[in-house]
**Student:** 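One structure follows; several queries about it will come next.
Count residues from 1 along the sequence.
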Amino acid sequence: MLFPQPTVERVVVEHRGAGAVDDVVVYYVAPGVNDRGSRVRVDYHQLKFHVAQSGAVDQDTLVDPAWTGTKAPMLKRFADAWLKTKDEHPDARLSLVTNWSWDPSSPIAPLLRDGGRLDDSF
């Protein structure tokens, strides 16, 4: 077996009370999973699937409420979700998962690393 000990405690789909990062929430068995030397106990994922494959994500997309069809931009919704969850889960990770790639012409594109993580210099 790849994982002799279970690493996932539970998975919740459409988690109530998780704000904008409620689509899939993964709780890990203590002490959690390693994320570049830090422990993560909970992963909050917001999923955005687009039928059209012609789009891309950039910094403007994240601050445009029309992209998600909501009143608040994705970046604001993520910030609010972090403020809501950080006291109970300070070792949580919030992720946006989409089938659109990051726009390579975006000024932020050179700062993105594998998996979509922003470089520490950001």
**Student:** Are Y28 and V12 co-members of a hydrophobic cluster defined by side-chain heavy atoms under 4.5 Å apart?
**Tutor:** no
**Student:** Any ion pair linking R93 and D35 (charged N to carboxylate O, less than 4.0 Å)?
**Tutor:** yes
**Student:** Taking the cut-offs as 6.0 angstrom to the six-membered ring centre and 45 degrees off its axis, would you call R10 and Y27 a cation-pi pair?
**Tutor:** yes
**Student:** Flag the pair L47 / V97 as yes when at least one side-chain heavy-atom distance between them is below 4.5 Å, and no otherwise.
**Tutor:** yes
**Student:** Residues in side chain to side chain contact (heavy atoms under 4.5 Å, CB included) with R77, at least two apart?
**Tutor:** A20, T68, T70, A72, M74
**Student:** By side-chain hydrogen bond (donor to acceptor under 3.5 Å, both in side chains), which residues pair with D91, not counting sequence neighbours?
**Tutor:** none
**Student:** Do D103 and V57 come within less than 4.5 Å of each other through their side chains, counting heavy atoms only?
**Tutor:** no
**Student:** Who passes side chain to side chain contact (heavy atoms under 4.5 Å, CB included) against N99, sequence neighbours left out?
**Tutor:** F49, H50, Q53
**Student:** Kindly write out the residues that satisfy side-chain hydrogen bond (donor to acceptor under 3.5 Å, both in side chains) with S95, not counting sequence neighbours, or none if the list is empty.
**Tutor:** none
**Student:** Could you check whether any side-chain N or O of T98 sits under 3.5 Å from a backbone N or O of K48, counting only pairs where one atom can act as donor and the other as acceptor?
**Tutor:** yes
**Student:** To the nearest 0.5 Å, how far apart are OG1 in T61 and CG in L96?
**Tutor:** 10.0 Å
**Student:** Between I108 and D58, is any pair of side-chain heavy atoms under 4.5 Å apart?
**Tutor:** no
**Student:** Establish whether V40 and V42 are linked, either directly or via other cluster members, by ILVMFWY side-chain heavy-atom contacts under 4.5 Å.
**Tutor:** no
**Student:** Is any side-chain heavy atom of H45 closer than 4.5 Å to a side-chain heavy atom of D43?
**Tutor:** yes
**Student:** Under the side-chain hydrogen bond (donor to acceptor under 3.5 Å, both in side chains) test, which residues partner S38, sequence neighbours left out?
**Tutor:** none
**Student:** Do V13 and D22 have side chains that get closer than 4.5 Å, going by heavy atoms?
**Tutor:** no
**Student:** If we count only N and O atoms by modelled type, under 3.5 Å, do the side chains of Y44 and D23 hold a donor and an acceptor together?
**Tutor:** no
**Student:** Are the side chains of W67 and W100 in contact, using a 4.5 Å heavy-atom criterion?
**Tutor:** yes
**Student:** Can you list the steps and then say if V21 with L94 is a side chain to side chain contact (heavy atoms under 4.5 Å, CB included)?
**Tutor:** CA-CA 7 Å; V21 289; L94 282 61; 4.0 Å; yes
**Student:** If you round to the nearest 0.5 Å, how far is CH2 of W102 from CD of Q59?
**Tutor:** 6.0 Å
**Student:** With a 4.5 Å cut-off on side-chain heavy-atom distances among I, L, V, M, F, W and Y, is there a chain of contacts connecting V33 to V25?
**Tutor:** no
**Student:** Identify every side-chain donor-acceptor pair in residues 79-89 under 3.5 Å, counting partners at least two apart or on other chains, and give the distances.
**Tutor:**
| residue | atom | partner | partner atom | Å |
| --- | --- | --- | --- | --- |
| D80 | OD1 | K76 | NZ | 2.8 |
| D80 | OD2 | K76 | NZ | 3.4 |
| T85 | OG1 | A81 | O | 3.0 |

